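Structure first, commentary second.
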Number of protein chains: 2
Amino acid sequence: MKSKTYHHGDLKNALIKAGVEILAKEGIGKLSLRKVALKAGVSHTAPYSHFSDKQSLIAAISTEGFQRLSKALDSAIKSHANNPKKQLIKSAQVYTEFALRNKDIFKIMFSSALEKEKEYPAFVEISQKTFIQVVDIVRACQEANIIKSGEADVLAVIIWGQVHGIIALAIEGQISHTILEKKSLQEIVTQAVEQAIKK
Amino acid sequence: MKSKTYHHGDLKNALIKAGVEILAKEGIGKLSLRKVALKAGVSHTAPYSHFSDKQSLIAAISTEGFQRLSKALDSAIKSHANNPKKQLIKSAQVYTEFALRNKDIFKIMFSSALEKEKEYPAFVEISQKTFIQVVDIVRACQEANIIKSGEADVLAVIIWGQVHGIIALAIEGQISHTILEKKSLQEIVTQAVEQAIKK
DNA sequence: TTAAAATCTTGACAGTGTCAAGATTACAAT
DNA sequence: ATTGTAATCTTGACACTGTCAAGATTTTAA
């Protein structure tokens with residue numbers, strides 16, 4: 001597959017993949033353009049043929065992450081067709097699982113693009129799509145009279161924010177062990193969503 | 001106040017202050033030990049007399065941030081004595097305001113210490129204290145029969161997580177403008193807490 | 001008074017992001 | 001098929017970073 005030609009052939013994806021691996025094994029602090037290049041077997045400036053700068057690579061990795069998350073949400077939704085309540089709970093659980101399994105990618109997804117977000121259309125598109133998935137479930141819940149009606153997008157922000165916040169706090173070690181010994185993160189998130197639903 | 005003696009006199013605090021300023025003016029990406037040292041008027045390795053490494057300085061800055069946040073929460077609580085509902089809502093609003101006014105400090109507070117958290121006792125202490133403040137309000141709400149009784153700490157995580165999550169998403173630009181044009185972040189957070197209370 | 005500890009400096013090193021110039025290859029137009 | 005142009009990749013360089021080692025200066029305590 002990879003003969004050592006001058007042109008790599010699929011370097012862009014190889015760099016993203018290498019970045020994801022470094023992220024998973026060594027964490028954000030150890031992610032550098034040069035190391036990614038080394039891992040892909042190219043010179044230290046080769047990445048600049050595919051990414052304008054480090055931010056750009058990070059944006060690509062984040063995009064990857066959102067694509068995987070979005071996919072996972074999709075199958076969660078499909079696995080409970082016509083049951084918005086289960087869809088919502090399952091989605092929250094899938095979200096939690098993704099975050100726990102991909103801590104550093106999750107962190108980078110929500111802490112990089114920043115104000116330059118708009119410069120990466122692929123990132124904007126998939127992250128918006130992900131949010132729309134949540135909004136759609138909330139809307140379905142409203143139509144099924146499971147949660148109160150109103151602005152679905154605002155409600156989605158609240159519910160999504162709740163799930164996201166609990167996970168974020170947990171990943172950053174802000175939730176004490178005493179609590180996490182009593183209830184797993186999955187249980188806490190599930191309880192939170194169920195409470196939000198009952199209305 | 002500052003005569004240029006060999007010994008600075010209060011370098012540790014000066015470094016933290018310089019760090020906070022750089023953070024506010026230039027953002028996380030521009031925060032470096034050397035720049036902090038320069039700003040404090042000392043050599044590039046002087047910080048190592050007070051901080052073992054960069055992480056350690058960041059921990060100190062985070063600690064500073066938590067102290068300010070905790071103080072703000074305190075006055076929010078005191079301004080509505082014997083009214084836990086108002087205390088809770090006001091606390092959420094204070095939390096929101098702090099985050100919006102100190103975006104980069106807020107980010108660093110919840111994205112640095114990581115697993116080495118325990119190595120910084122001052123940080124652990126104040127961040128725990130902050131959480132306990134929230135738990136106490138929740139407990140007060142329970143006693144006042146405003147929210148359902150149960151494990152106060154878990155409930156606090158859920159409510160705090162909700163507030164934190166909405167803010168985090170907003171700060172990272174993950175909440176669309178369409179939504180934030182309809183409702184300000186303060187309004188969304190307030191609505192979220194009020195919903196959580198009604199039970 | 002003086003020995004030890006704390007604080008700060010200079011100098012060095014490896015690692016980083018990024019630019020500039022040039023080499024190699026792929027590809028499209030002729 | 002040839003050729004010129006664009007894409008891709010390399011080498012080399014630069015400034016900036018975190019961090020260590022050695023030593024200078026000052027404070028503190030014995």
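Note that the structure is predicted; figures quoted are calculated from it, not measured. Sequence lines set the chain letters: A, B, ... in the order given, protein chains first and strands last, and positions in each chain run from 1.
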Knowing that exactly one of B:F106, B:F110, B:Y95 qualifies, which makes a ring pair (Phe, Tyr, Trp, His ring centres under 6.0 Å) with B:F66?
B:F110
Distance-only donor-acceptor test (3.5 Å): side chain A:T45, base C:dT18
no
Please tell me if A:S49 has a side-chain N or O lying less than 4.0 Å from either OP1 or OP2 of D:dT8.
no
Between A:Q142 and A:K148, is there a donor-acceptor pair closer than 3.5 Å when you use the side chain of the first and the backbone of the second?
yes
Within the side chain of A:Q186, is there an N or O that forms a donor-acceptor pair under 3.5 Å with the backbone of A:Q93?
yes
[X] has an atom [atom1]; how far is it from atom [atom2] of [N], in whole Å?
X	N	atom1	atom2	result
B:I22	D:dT17	CD1	C1'	13 Å
B:I58	D:dG18	CD1	C1'	11 Å
B:R34	C:dT9	CZ	P	13 Å
B:D10	D:dT27	CG	P	15 Å
A:L38	D:dT10	CG	P	11 Å
A:L31	C:dG15	CG	C1'	14 Å
A:L15	D:dT8	CG	C1'	12 Å
A:L11	C:dA26	CG	P	14 Å

If you pin A:P47 and B:L33 to their nearest nucleotides in DNA chain D, which one's is more 5'?
A:P47
Which nucleotide wins on minimum distance to the side chain of [X], given the candidates [options]?
X	options	result
A:H50	D:dC9, C:dT18, C:dT10	D:dC9
B:S32	D:dA21, D:dT10, D:dG18	D:dG18
A:H44	D:dT11, D:dT19, D:dT17	D:dT11
A:Y48	D:dT10, C:dT18, C:dT9	C:dT18
A:K54	D:dG18, C:dT10, C:dG17	C:dG17
A:K35	D:dT8, D:dT19, C:dT16	C:dT16
A:A46	C:dT18, D:dC20, D:dC9	D:dC9

NZ (A:K182) with more than 12 external heavy atoms under 6.0 Å
yes
Step by step, work out the salt bridge (charged side-chain N to carboxylate O under 4.0 Å, His left out) result for B:E143 and B:R139.
CA-CA 6 Å; B:E143 282 163 12; B:R139 215 188 309 274; 5.6 Å; no
